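Owing to the predicted nature of the structure, the values given are computational and were not obtained by experimental measurement. Any value given below was found using the heavy atoms of this structure, including those in side chains, with hydrogens, waters and symmetry copies removed.
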Amino acid sequence: DHQQMIMLTLKRVAQKYGMACLLHEKPFAGVNGSGKHVNWSLGSASQGNLLDPGDTPHENAQFLVFAAAVIRAVHKNAKLLRAVVAHAGNDHRLGANEAPPAIISIFLGAELDKAFESIVSGEGDGVTEDATLGLGTPVLPPLPMHGGDRNRTSPFAFTGNKFEFRALGSSMGLGFPNTVLNTIVAEAIDSMSEDLENAINGGASLEEAVAKVVKDTYAENKRVIFNGDNYSDEWHAEAESRGLMNLRTTPDALPWITHDQTVTVFDNYGVLDERELESREEVLAEQYTTKLNIEAETAASIARTLILPSAVRYLNELVLSGLDPLAEEIRPVILELQTAIQALEKANCDHPEDVSVLGAAEYMRDSVIPAMDAVREIADRLEKLIADDLWPLPKYEEMLFIK
């Protein structure tokens, strides 16, 4: 609720000063985008933060159980987590500058990774020696370095005493992602509790049962753990070999909201029934289509009424000045822009009939977005050719670099 109020306040205050507050995730290509981090933890009135590892996480059975439950939940429901952060703006951001990729993985850090691996292998003590951060000068003392080092490229990272879900877009609400996180972790805890009870009923002590359940849970779900560079091509190839999906676009991801696995979990816990999940998928798909339709109309209008006329005026000036070589340089680019604008307008009008809401979203992804990209590519070229006094828009370099 607070972040919804903040977004509304930002927009209203901007309007008071004759400005607009953009919450778009990726307004500029090649420049860092804007998103949100959900700092998610789990606790109780009697036990406090259940994801606090303490000074010796390898010996903290309570922490290991609940951390393993989160790992299981994220691994089992990775595609659903991708789906709940899916929309048109965030598709531009995920996998780009300073944003995690669309592949959902977990960063644990060296300390926890060693602790869990020692449990699975039965070798080593799981202890990570204390390290210090040297500041490069004898004037300043070395500082203790946290064992859970940061990894800004990870979409789901453990950060000291909580997990951060970093894949949300800046314009998004937090309600549905948090609802999904709470539900899937509840299911994981429920399943692990049943395994613990079965082990104890089979004659194992509580300590033995906990050790076995943590070991088995981590071993079954560890393929979702990745502590390296999520941007690297090597990770994308490795993720595919692990069976982790890279759902790059919203239409790829949304069907997981109504997947049988999702419906079963949400129905079992009385959170949302199948019809309610279907309505959410349909609304998100329709929002995607509508947003892209508006963006495409706007792009075509800007190109036709601003960029094309300025290019023609400049061409006429070159012809009247007798600068035929320069005129012939720009003439074919103008014709390309004309053709691209007409193609974009046609693509944005020729929506297929008798398709599902998701089918309409797929059409926008496959036909309209490429048509917009084509117009933009030509406009970028013209921006470098047309005289500054005739160019009708702020140039990219002026918006980003000239103060």
Side-chain angles (χ1 to χ4, degrees), residues 1-41 80-102 104 150 152-157 159 162-184 247-251 253-254 256-257 271-272 276-277 279-299 302 357 361 364-365 369 372 394 399-400:
D1 292 344
H2 287 172
Q3 69 94 28
Q4 289 286 79
M5 290 173 63
I6 288 171
M7 290 197 295
L8 182 60
T9 301
L10 290 171
K11 291 184 175 182
R12 286 180 173 174
V13 171
Q15 289 175 348
K16 286 177 60 177
Y17 293 93
M19 303 177 73
C21 173
L22 293 182
L23 295 174
H24 195 293
E25 286 73 19
K26 198 72 172 170
F28 305 113
V31 180
N32 294 350
S34 178
K36 289 191 175 91
H37 292 183
V38 172
N39 292 275
W40 188 93
S41 192
L80 174 60
L81 289 173
R82 168 64 180 99
V84 299
V85 299
H87 69 95
N90 213 23
D91 284 357
H92 292 296
R93 170 180 167 263
L94 292 177
N97 307 63
E98 292 290 320
I104 301 297
R150 302 297 291 261
R152 306 301 295 180
T153 70
S154 176
F156 204 95
T159 55
K162 63 188 182 301
F163 284 92
E164 283 187 19
F165 187 23
R166 296 172 173 159
L168 277 74
S170 57
S171 64
M172 297 183 66
L174 308 180
F176 195 31
N178 273 327
T179 299
V180 168
L181 274 173
N182 294 340
T183 305
I184 63 177
L247 303 174
R248 297 178 182 275
T249 70
T250 293
L254 288 183
W256 290 93
I257 293 175
V271 180
L272 296 169
E276 290 170 319
L277 288 169
S279 70
R280 279 158 177 77
E281 179 189 340
E282 184 171 324
V283 166
L284 291 171
E286 186 172 333
Q287 286 177 344
Y288 177 86
T289 299
T290 302
K291 183 178 181 67
L292 287 175
N293 177 255
I294 294 170
E295 288 186 357
E297 286 186 359
T298 304
I302 290 172
V357 177
M364 300 301 289
R365 176 196 64 193
I369 290 179
M372 275 198 287
M399 289 189 287
L400 298 176

Would you say that M399 contacts F28 through its side chain, given a criterion of any heavy-atom pair below 4.5 Å between the two side chains?
yes

Stepwise side-chain contact (heavy atoms from CB on, under 4.5 Å) check, H92 with H24:
CA-CA 10 Å; H92 292 296; H24 195 293; 4.2 Å; yes

Taking C-beta and beyond as the side chain, do N182 and W40 meet within less than 4.5 Å on heavy atoms?
yes

Which heavy atom of P177 sits nearest a heavy atom of F165, and at what distance?
CB-CE2, 4.5 Å

State the CD-CZ distance between E276 and R280, to the nearest 0.5 angstrom.
6.0 Å

Should R93 and S170 count as side-chain neighbours, where that means a heavy-atom distance under 4.5 Å?
no

So which atom in A253 and which in L247 form the shortest heavy-atom distance, rounded to 0.1 Å?
CA-CD1, 4.0 Å

What closest approach, in Å, do L174 and K36 show between heavy atoms, and which atom pair accounts for it?
CD2-CD, 3.8 Å

Show, in sequence, the C-alpha distance, side-chain angles and deciding distance for L254 and Y288, and conclude whether the side-chain contact (heavy atoms from CB on, under 4.5 Å) test is met.
CA-CA 11 Å; L254 288 183; Y288 177 86; 5.5 Å; no

I want to check something: taking the side chain as every heavy atom from C-beta on, are V357 and T289 in contact at a cut-off of under 4.5 Å?
no

Spacing of OG1 belonging to T179 relative to CD1 belonging to I184, to within rounding of 0.5 Å
11.0 Å

Kindly indicate, with the supporting measurements, whether the criterion side-chain contact (heavy atoms from CB on, under 4.5 Å) is fulfilled by N39 and S41.
CA-CA 7 Å; N39 292 275; S41 192; over 6 Å; no

Could you go through the side-chain contact (heavy atoms from CB on, under 4.5 Å) check for H87 and L284 one step at a time?
CA-CA 7 Å; H87 69 95; L284 291 171; 5.8 Å; no

Distance (rounded to the nearest 0.5 Å) between M364 CE and T290 OG1
8.5 Å

Atom pair CG (L8) and CD (Q3), whose distance is rounded to the nearest 0.5 Å
11.5 Å

Quick one: are D91 and R365 in side-chain contact, heavy atoms under 4.5 Å?
no

